[in-house]
Amino acid sequence: MKVLVVGANGQIGKHLVTFIQDTDGMEARAMIRNPEQASFFENASAETTVVDLEDDVDAIAKAAEGVDAVVFTAGSGPHTGKDKTILIDLDGAVKTIEAAKQAGVKRFVMVSSFDTRRAAIQAASSSFSPYVVAKHYADEWLRDTDLDYTIVHPGSLRNDEGTGQVTVSQDMDLDIAEVPREDIARVIVAVLEQESTIGKEFQVVKGTQPVEEAVRSL
Ligand code: NAP
């Protein structure tokens, strides 16, 4: 299975490309926006493709040509303005979904945020709510497609070493808690391996159940 990782140079993205490369039968194509970022991926023997999420759908679709799955784990981050929240977290995600459709790639894994329901928008602080709005509508856009999607809703991301153990819930009823980015990357690999996750979405925080078992339980 060849997987296009959108946001490959990000903190989850780098773990994910490494894990994919270490998994039998899987290989990654890292989508980066700057050629200078390529060396990390070349060292991992992963393909790279240079596309900016502010480019058009055709450019992203070209990057997705010939892959079996797309993972969206890009984000504008906390240090840019609301313009980038719209351009990357919302429109970048929607363009990636449209690109997958255009390239004929059915499998799509979205790294969303912990809670993107309408109530979470209303409950968010004024500085955080534009991000929740962006994630809400990106998730909605994906649900409205006929792609084989899975939406992962991680808790509060940390750079602690992963434990390989998590807690998951499809009922979206977990209390917000931390989760290592490394474990989210492991969860994404398990999701890609398990077709039973198609059409599902779930929250994930640090926990006590081995990742593969937790994902299989969904
Ligand atoms: P990250 O380290 O900030 O990585 C985001 C990646 O997106 C970076 O590689 C960045 O590229 C890329 N990107 C940004 N703008 C781009 C553009 N115009 N074109 C192409 N790529 C672009 O993020 P993370 O911590 O791994 O998080 C990944 C995902 O989890 C995001 O979707 C985030 O919203 C979501 N999330 C975060 C939290 C949290 O607690 N922070 C919780 C739940 C979900 P560069 O490397 O070139 O900058």
Side-chain angles (χ1 to χ4, degrees), residues 4-19 28-41 46 48-57 59-60 62-64 70-97 99 108-117 120 124-125 127-139 141-142 150-160 162 166 168 172 174-188 191 201-206:
L4 179 71
V5 179
V6 176
N9 195 55
Q11 299 166 93
I12 289 178
K14 281 182 165 172
H15 285 300
L16 178 59
V17 169
T18 304
F19 288 143
R29 181 182 295 164
M31 195 179 109
I32 52 178
R33 58 172 157 168
N34 179 346
E36 287 168 13
Q37 298 165 338
S39 59
F40 175 90
F41 305 100
T48 55
T49 180
V50 180
V51 181
D52 194 301
L53 279 168
E54 292 188 45
D55 293 344
D56 61 15
V57 172
I60 305 169
K62 197 155 183 284
V70 173
V71 177
F72 184 90
T73 185
S76 62
H79 305 298
T80 56
K82 291 171 189 163
D83 53 344
K84 297 297 181 191
T85 306
I86 292 173
L87 289 167
I88 305 305
D89 302 289
L90 176 50
D91 199 40
V94 168
K95 284 190 291 188
T96 304
I97 294 163
F108 197 104
V109 180
M110 175 69 86
V111 179
S112 181
S113 68
F114 186 66
D115 192 345
T116 60
R117 290 169 291 189
S125 66
S127 60
F128 192 57
S129 60
Y131 170 74
V132 187
V133 167
K135 291 298 224 184
H136 170 87
Y137 286 105
D139 289 353
W141 195 275
L142 182 56
T150 306
I151 304 177
V152 180
H153 295 277
S156 192
L157 298 175
R158 291 291 178 269
N159 284 332
D160 307 342
V166 292
V168 297
M172 302 290 291
L174 296 181
D175 290 328
I176 180 86
E178 297 177 357
V179 62
R181 288 178 168 88
E182 194 180 331
D183 285 334
I184 297 300
R186 288 183 208 281
V187 165
I188 295 166
V191 161
E201 53 189 288
F202 60 95
Q203 290 177 321
V204 49
V205 297
K206 68 183 177 187

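As the structure lists them, so they are numbered: ligands from 1, and atoms in each ligand from 1.
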Can you tell which part of Ser112 has a heavy atom less than 4.0 Å from ligand 1: side chain, backbone, both or neither? backbone
Under 4.0 Å between heavy atoms, the region of Gln11 that gets near ligand 1 turns out to be both
May I ask whether Asn34 has any heavy atom positioned less than 4.0 angstrom from an atom of ligand 1? no
So Phe128 and Tyr131, would you call those rings parallel, tilted or perpendicular, with 30° and 60° as cut-offs? tilted
Check whether Asp89 reaches the backbone of Ser76 with its side chain - one donor and one acceptor, N or O, closer than 3.5 Å. yes
Identify the residue among Val166, Val205, Ile184 that makes a side-chain contact (heavy atoms from CB on, under 4.5 Å) with Pro154. Ile184
Those atoms of ligand 1 less than 4.0 Å from some heavy atom in Gln37: 45 (P), 46 (O), 47 (O)
Please confirm whether the backbone N or O of Gly162 pairs with a side-chain atom of Glu182, one donor and one acceptor, at under 3.5 Å? yes
Of the choices Gly7, Gly92, Ala74, which has the non-hydrogen atom that lies closest to atom 32 (O) of ligand 1? Ala74
Give a yes/no on ligand 1: does Pro78 have at least one heavy atom closer than 4.0 angstrom to it? no
Output yes when a side-chain donor or acceptor of Lys135 lies under 3.5 Å from a complementary backbone atom of Val111, and no otherwise. yes
Looking at His153 and Ser113, would you say the former's side chain and the latter's main chain have a donor-acceptor pair under 3.5 Å? yes
Is there a polar contact between ligand 1 and Asp89, counting only N or O atoms under 3.5 Å apart? no
Identify which of Thr73, Asp52, Val6, Ile176 has a heavy atom lying nearest to atom 17 (C) of ligand 1. Asp52
In this structure, does ligand 1 have an atom that sits under 4.0 Å from one of the heavy atoms of Tyr131? yes
May I ask you to check whether Leu157 has an N/O atom sitting below 3.5 Å from an N/O atom of ligand 1? yes
With respect to Gly75, determine whether any N or O atom, backbone or side chain, lies less than 3.5 Å from an N or O atom of ligand 1. yes
For salt bridge (charged side-chain N to carboxylate O under 4.0 Å, His left out), just list the numbers for Lys95 and Glu54, CA-CA rounded to whole Å, side-chain angles, deciding distance to a tenth of an Å, and then say yes or no. CA-CA 9 Å; Lys95 284 190 291 188; Glu54 292 188 45; over 6 Å; no
Can you tell me if His153 has a non-hydrogen atom under 4.0 Å from ligand 1? no
Going through the distances and angles, do Thr96 and Met31 end up as a side-chain contact (heavy atoms from CB on, under 4.5 Å)? CA-CA 11 Å; Thr96 304; Met31 195 179 109; 5.6 Å; no
Please check whether Phe72 reaches ligand 1 - meaning an N/O of the residue sits under 3.5 Å from an N/O of the ligand, judged on distance alone. no
Restricting to heavy atoms, the pick from Ser113, Ala138, Ala8, Gly155 nearest atom 42 (C) of ligand 1 would be Gly155
Does ligand 1 have any atom that is closer than 4.0 Å to a heavy atom of Ser156? yes
Taking atom 19 (N) of ligand 1 as the reference point, the nearest protein heavy atom with its distance: Leu53 N, 2.8 Å
With side-chain contact (heavy atoms from CB on, under 4.5 Å) as the test, pick out the partner of Val152 among Thr73, Val204, Val168. Val204
Interatomic spacing from NE2 in His136 to CZ in Arg117 - rounded to 0.5 Å: 11.5 Å
Nearest heavy atom to atom 43 (C) of ligand 1 wins, so pick from Gly13, Pro154, Gly10. Pro154
Tell me the contacting part of Lys84 for ligand 1: side chain, backbone, both, or neither, using a 4.0 Å heavy-atom threshold, strictly below. neither
